[in-house]
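Let me begin by presenting the structure, written as structure tokens, before commenting on it.
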Amino acid sequence: MKQKGCALARMVDVSLQPCSARKVFKPLMIEGMGELMWACPLCSLERHMSMENKVIESITKLEKAHCLNDDEWSLLIDGRYDRQVLFERANQICEQYYGNKVYIRGLIEFSNYCRNDCLYCGIRKSNVLADRYHLTKEQILSCANEGYGLGFRTFVIQGGEDLSYSTGDIADIVRAIKASHPDCAVTLSLGEREMSDYKIWKEAGADRYLLRHETADEAHYQKLHPDDMSLTHRKQCLFDLKALGYQVGCGFMVESPYQKTEHLIQDMQFINELQPHMVGIGPFIPHKDTPFAKEKQGSLERTLTMVALTRIMLGNALIPATTALGTIDPRGREKGLLAGANVVMPNLSPVHVREAYSLYDHKICTGEEAAECIVCLSNRVKSVGKEIVIDRGDYKPVDENNR
Ligand code: SAH
């Protein structure tokens with residue numbers, strides 16, 4: 001009987017030698033089969049390999065080696081397999097480092113003025129319909145005081161790039177919060193600035209800095225931002241912040257316009273290079289007064305997949321179950337906590353400005369997710385077997401040898 005396929009195809013027994021097979025066979029995804037088809041590049045003979053084995057093998061490799069090849073990334077990001085396998089592993093890894101503890105951060109959105117014009121963002125400078133506000137130093141301090149009483153031990157000062165606050169003004173705010181609450185951490189999220197500014201704020205007592213890289217692919221970055229913004233500069237800021245001793249958070253939106261799987265792979269590779277302490281991942285959600293008003297919002301499953309992969313790759317990072325996740329699904333944040341997230345960031349801004357800090361449509365901000373309703377939040381967290389703690393919630397370094 002004539003054997004099928006070329007010698008190369010016959011040589012490789014895919015089911016027995018998945019690693020060597022991977023070198024010569026290209027994976028083909030067959031919808032709904034729950035199985036991977038591997039096609040020989042020379043003769044196109046197709047072979048089956050259990051999707052489940054391949055998924056488990058790739059998850060294990062990500063956990064141990066902290067990196068994957070492009071085919072493995074594509075499989076874990078796009079493959080049709082039961083995501084529960086991935087989420088459960090991510091949750092287990094999270095609990096190895098942080099137990100069932102969930103850290104809370106009080107988010108103070110201090111200004112929605114912004115000099116930038118990011119195409120996706122509702123507070124971009126050319127959105128003339130945005131109802132602009134900024135908080136005074138006294139208002140910010142009173143948010144922090146209120147938050148302290150509610151049990152928050154980290155305050156995140158976030159806003160648009162509003163240059164009406166000088167570098168010194170921000171340093172004063174940091175110093176004032178640290179003076180009133182020396183047991184608290186202060187996180188800044190004020191966008192791209194000079195290293196000298198970051199240094200002054202660090203010396204004033206700031207502990208952490210959040211600056212999502214948004215996408216690690218240069219061409220994709222340009223499609224989301226105006227010409228005067230550059231990915232190179234944003235990445236440089238992240239490395240500068242790290243060099244200054246901040247706990248640093250990067251991150252990206254899932255399914256932002258024009259995003260392809262290869263961009264997500266680059267995000268993961270960049271995260272692995274930066275080794276951040278925190279990673280913020282949320283679905284893209286359109287805002288009605290931006291050029292992306294008609295674009296599709298990111299899906300829950302894909303966002304959770306990226307959260308879980310990030311947890312598995314980094315192990316001990318602090319990963320929020322984001323507000324955007326809670327916006328696209330009523331139990332989005334709880335699902336995030338079960339897929340590897342271990343932080344929630346309720347809104348502590350004065351109630352009258354919350355609607356105005358509108359990065360995307362229908363953002364949850366005044367309901368039971370807000371900081372005042374810490375009991376509601378606590379019950380939600382308990383519903384997934386976890387527990388909110390009164391703690392600064394610092395990054396826990398690990399000895400790589402003990403991993
Ligand atoms: N100016 C600060 C804070 C930006 S707002 C900075 O540059 O870091 C915080 C985050 O909200 C952004 O980094 C972005 O990832 C996210 N965001 C903005 N618009 C969004 C949208 N339409 N959908 C989902 N997330 C959005």
Side-chain angles (χ1 to χ4, degrees), residues 105 107-127 130 132 134 156-165 170 187-193 197-198 201 208-216 220-221 223-226 228-231 233-238 241 246 248-259 263 267 276 278-300 302-303 306-307 320-329 332 345 347 349 354 356-365:
R105 320 299 195 196
L107 182 61
I108 305 173
E109 298 160 332
F110 80 105
S111 168
N112 69 353
Y113 283 88
C114 193
R115 63 172 160 168
N116 289 331
D117 219 12
C118 309
L119 277 75
Y120 46 84
C121 185
I123 63 168
R124 66 200 299 265
K125 75 166 174 221
S126 61
N127 180 10
R132 306 283 172 177
H134 28 212
V156 180
I157 314 293
Q158 184 177 80
E161 291 193 16
D162 179 352
L163 295 187
S164 69
Y165 300 82
I170 301 289
T187 304
L188 298 177
S189 181
L190 315 179
E192 294 172 51
R193 301 288 287 250
D197 294 343
Y198 293 150
W201 299 336
R208 311 185 189 130
Y209 204 100
L210 301 179
L211 183 74
R212 290 190 181 178
H213 63 279
E214 314 296 1
T215 171
H220 186 220
Y221 189 90
K223 289 189 171 160
L224 303 181
H225 298 95
D228 62 349
M229 290 181 73
S230 108
L231 176 60
H233 186 256
R234 204 159 176 92
K235 286 182 173 174
Q236 190 54 52
C237 288
L238 284 163
L241 287 159
Y246 282 91
V248 173
C250 65
F252 57 95
M253 288 174 286
V254 176
E255 291 183 278
S256 55
Y258 313 106
Q259 185 182 71
H263 301 139
D267 286 322
M278 304 167 281
V279 185
I281 300 169
F284 161 75
I285 305 174
H287 184 290
K288 60 181 176 24
D289 304 318
T290 63
F292 291 157
K294 298 269 178 295
E295 300 288 333
K296 203 174 128 262
Q297 82 177 22
S299 78
L300 177 73
R302 204 165 173 79
T303 308
M306 298 316 298
V307 167
T322 53
T323 307
L325 206 44
T327 299
I328 61 163
D329 184 292
M345 298 171 66
N347 201 316
S349 313
R354 284 184 198 171
Y357 196 79
S358 165
L359 304 174
Y360 44 81
D361 291 337
H362 315 298
K363 193 181 120 195
I364 49 171
C365 62

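In each ligand, atom 1 is the first atom listed, and ligand 1 is the first ligand listed. Bear in mind the structure is a predicted one, so any value in this text is a computation, not a measurement.
Using a 4.0 Å cut-off between charged nitrogen and carboxylate oxygen, E192 and K235 do not count as a salt-bridge pair. Looking at R124 and D117, a side-chain N of the basic residue comes within less than 4.0 Å of a carboxylate O on the acidic one, giving a salt bridge.
Short contacts between ligand 1 and E214, defined as distances under 4.0 Å to a heavy atom of the residue, involve ligand atoms 12 (C), 13 (O), 14 (C), 15 (O). Remark: ligand 1 atoms within the under-4.0 Å shell around heavy atoms of R212 are 13 (O), 14 (C), 15 (O), 16 (C). In the vicinity of L211, heavy-atom distances shorter than 4.0 Å reach the ligand 1 atoms 8 (O). Residue C121 has at least one heavy-atom neighbour below 4.0 Å for each of these atoms of ligand 1: 19 (N). Of all atoms in ligand 1, listed by their number and element, those nearer than 4.0 Å to a heavy atom of R234 are 6 (C), 7 (O), 8 (O).
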Verdict with reasoning, R234 to E214, per salt bridge (Lys or Arg N to Asp or Glu O under 4.0 Å): CA-CA 9 Å; R234 204 159 176 92; E214 314 296 1; 3.5 Å; yes
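In this structure, R115 contributes its side chain and L163 its backbone to no donor-acceptor pair below 3.5 Å.
Using cut-offs of 30° and 60° for the angle between ring planes, the H263 and H220 rings count as parallel.
Between T187 atom OG1 and Y209 atom OH the span is 11.0 Å, to the nearest 0.5 Å. A distance of 11.5 Å separates SG of C114 from CG of N127, quoted to the nearest 0.5 Å.
At under 3.5 Å, not a single nitrogen or oxygen of Y357, backbone or side chain, sits near a nitrogen or oxygen of ligand 1. Backbone and side-chain nitrogen or oxygen atoms of I285 are examined, and one is located within less than 3.5 angstrom of a nitrogen or oxygen of ligand 1.
Protein heavy atoms are found less than 4.0 angstrom from atom 3 (C) of ligand 1.
Residue contacts with ligand 1 for E192 are absent, since no atom lies close enough (heavy atoms, distance under 4.0 Å).
Heavy-atom proximity to atom 24 (C) of ligand 1, evaluated over G282, G159, P283, is greatest for P283. Between the choices H287, K363, M253, the shortest heavy-atom distance to atom 26 (C) of ligand 1 belongs to M253.
What sits closest to atom 9 (C) of ligand 1 on the protein, heavy atoms only, is Q158 NE2, 3.7 Å. Counting protein heavy atoms only, atom 19 (N) of ligand 1 is closest to Y120 CD1, 3.4 Å. L359 CD1, 3.5 Å is the protein heavy atom nearest to atom 11 (O) of ligand 1.
The ring of Y120 has its center no closer than 6.0 angstrom to the ring center of F284. Proximity of the aromatic rings of H134 and Y113 is defined here by a centroid distance below 6.0 angstrom, and this criterion is met.
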